[in-house]
Asks: 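Got a structure here, written out as structure tokens. Questions coming.
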Amino acid sequence: DHWNDNAVQGSEEWWEDLGQIYEPPIDMAFALTTCYSDAKWWQPPDIEAGVNIKSTEPEPIVADDWKCKEGKPVSDIHFWGSYIRWEEENPEPKKCPPGVDGFKIRIFENIPAGQNGFSHPGKLLYEAYIDDFVEEYFCSIPRPTIPETYEHKFHYTIYLKEPFKQIEGEIYWLSISAVKLVSPNIYPWGWETCNPDYHWEDYAVQGYQVGPDDAWRWEELPRKDMAFILTIPYEDPCEGDLDLDGDVDIDDLERFAYAYGSIKGEDPNYDPACDFYPDLDVDGSDLAIFAADYGKERCPCPSPSVWPE
């Protein structure tokens, strides 16, 4: 439904009312929700002044911390990286990236800050080598430290064959390091830093293996956090969350009750959002779906494909 003013189109210096160009009044299609995403930790990349920090096998590796806010397992990891000094003279890459053969994923317990002044990874809890991943070009930015050179960032998606079972309230450290089986590695891979607005707890660390049994020496990376997103297994959305506020409550019940018994094209109170079993009426089959959802909380966000027209 149209609300308030028309949408506008513009540049940095001017705006034009689209209602003066199109009829009827123009608004844009979007939804803002307070439902719950399957992304459970979010540290997006710094696309203005971010840098890459070398993280390769066998060393050095980089790690950053996160806190488990609910106990569901981590199923996949999204992160950003780039190849150090690759195509740095070009504003955009003109060649295929050097590539890596895989990534070593490690998850450590947390050692709180002590005499060394910063917290760091402790006991190794999880380790996996992943050679099945997605690498996608993300963007290019000028390098903040060397004029007229550029850094080309890539986005990566990794699905863990065995999800990591986390405990609510615990702090963990994630390490992502690239594996290149063929030497020499002319353009080593680096993990991208995150937007400084998303700094949490302690800064990232860089580690060097100093002995058997995964003994590491950790060095703090001052004012650096790493860019990554942790997600949990996808859950079906609550279809009864009609107002997309993250739960199925009395507000949703009132809307459903108003539409109950209606038929599309015959009744003005027909509401396609309440026609869960899409057969052009709101009847007992839809009531059964709504009743199963009623009372649910922390509903995951629906994808646009499940929103009725």
Side-chain angles (χ1 to χ4, degrees), residues 1-10 15 17-44 66-76 78 163 166-169 197-198 200 229-309:
D1 294 334
H2 174 69
W3 182 82
N4 207 24
D5 291 331
N6 294 311
V8 296
Q9 186 177 53
W15 293 100
D17 184 352
L18 290 178
Q20 303 297 320
I21 303 175
Y22 300 98
E23 290 289 342
I26 293 295
D27 292 291
M28 309 315 297
F30 66 97
L32 303 178
T33 80
T34 55
C35 53
Y36 290 83
S37 169
D38 57 350
K40 293 307 175 187
W41 192 264
W42 179 273
Q43 292 186 190
W66 92 89
K67 185 175 183 178
C68 173
K69 296 183 177 180
E70 60 177 273
K72 296 179 180 179
V74 175
S75 61
D76 45 293
H78 308 263
Q166 52 182 343
I167 300 174
E168 184 174 355
D197 292 340
Y198 289 81
W200 182 81
I229 297 172
L230 302 178
T231 64
I232 64 173
Y234 177 77
E235 298 178 357
D236 291 333
C238 306
E239 294 185 80
D241 185 15
L242 299 172
D243 55 8
L244 301 179
D245 65 350
D247 56 27
V248 185
D249 58 10
I250 188 65
D251 295 328
D252 304 297
L253 176 59
E254 291 177 353
R255 178 173 173 179
F256 182 82
Y258 179 74
Y260 187 72
S262 62
I263 300 174
K264 184 177 182 179
E266 298 183 13
D267 301 304
N269 59 324
Y270 173 77
D271 186 342
C274 299
D275 190 5
F276 308 122
Y277 191 84
D279 53 1
L280 306 183
D281 59 20
V282 183
D283 58 10
S285 61
D286 305 299
L287 175 60
I289 294 173
F290 182 83
D293 279 352
Y294 190 74
K296 287 185 178 180
E297 298 179 341
R298 299 182 66 82
C299 293
C301 296
S303 63
S305 62
V306 303
W307 293 342
E309 296 180 357

Asks: Could you pull out the closest heavy-atom pair between V248 and C238, with the gap in Å?
Replies: CG2-CB, 3.9 Å
Asks: Just jot down the side chain to side chain donor-acceptor pair (under 3.5 Å) partners of D286, sequence neighbours excluded, or say none.
Replies: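 D286 satisfies side chain to side chain donor-acceptor pair (under 3.5 Å) with no residue once adjacent residues are dropped.
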Asks: Calculate, to the nearest 0.5 Å, the distance between atoms CG and CG belonging to D241 and D249 respectively.
Replies: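 So the CG of D241 and the CG of D249 are separated by 8.0 Å.
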Asks: How long is the span from the CD1 atom in I289 to the OH atom in Y277, to the nearest 0.5 Å?
Replies: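 With rounding to 0.5 Å, CD1 (I289) is 8.5 Å from OH (Y277).
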Asks: What residues, two or more places apart in sequence or in another chain, satisfy side chain to side chain donor-acceptor pair (under 3.5 Å) together with Y270?
Replies: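 Residues passing side chain to side chain donor-acceptor pair (under 3.5 Å) with Y270: D275.
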Asks: Name every donor-acceptor pair, under 3.5 Å, that has one atom in a side chain of residues 262-269 and the other anywhere in the protein, sequence neighbours excluded.
Replies:
residue : atom : partner : partner atom : Å
S262    : OG   : A259    : O            : 2.6
D267    : OD2  : I263    : N            : 2.7
N269    : ND2  : Y258    : O            : 2.7

Asks: Just how far is it from atom OH of Y260 to atom CG of D271, taken to the nearest 0.5 Å?
Replies: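 Reported to 0.5 Å precision, the distance equals 15.0 Å.
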Asks: Please list, chain by chain and in numerical order, all residues satisfying side chain to side chain contact (heavy atoms under 4.5 Å, CB included) with D5, sequence neighbours excluded.
Replies: none
Asks: I'd like to know if R255 and D243 make a salt bridge, using a cut-off of under 4.0 Å between side-chain N and carboxylate O.
Replies: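 Salt bridge flag = no for D243 with R255.
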Asks: Taking side chain to side chain donor-acceptor pair (under 3.5 Å) as the test, write out the residues that go with D247, two or more places apart.
Replies: none
Asks: If I compare all heavy atoms of E70 with all of Q166, which pair ends up nearest, and what's the gap?
Replies: O-NE2, 3.8 Å
Asks: Tell me every residue that passes side chain to side chain contact (heavy atoms under 4.5 Å, CB included) with K67, counting only those two or more places apart in sequence or in another chain.
Replies: W41, I171, W200
Asks: Would you check if I250 and Y294 make a side-chain contact, meaning some heavy-atom pair closer than 4.5 Å?
Replies: yes
Asks: Run the salt bridge (Lys or Arg N to Asp or Glu O under 4.0 Å) test against D293 and tell me which residues pass, sequence neighbours left out.
Replies: K296
Asks: Measure the NZ-CH2 distance between K40 and W66 for me, rounded to the nearest 0.5 Å.
Replies: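 The CH2 atom of W66 is 14.5 Å from NZ of K40, to the nearest 0.5 Å.
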Asks: Check G240 against F290 and note the closest heavy-atom contact, atom names and distance.
Replies: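 Closest heavy-atom pair between G240 and F290: O-CE1, 3.7 Å.
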Asks: Output all residues satisfying salt bridge (Lys or Arg N to Asp or Glu O under 4.0 Å) with D281, sequence neighbours left out; order by chain, then residue number.
Replies: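 Partners of D281 under the salt bridge (Lys or Arg N to Asp or Glu O under 4.0 Å) test: none.
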Asks: For I229, give me all partners under side chain to side chain contact (heavy atoms under 4.5 Å, CB included), at least two apart in sequence or on another chain.
Replies: A39, W42, H78, W80, T231
Asks: Using side chain to side chain contact (heavy atoms under 4.5 Å, CB included) as the criterion, list what pairs up with A7, not counting sequence neighbours.
Replies: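 If we apply the side chain to side chain contact (heavy atoms under 4.5 Å, CB included) test to A7, skipping adjacent residues, the hits are L18, I26, M28.
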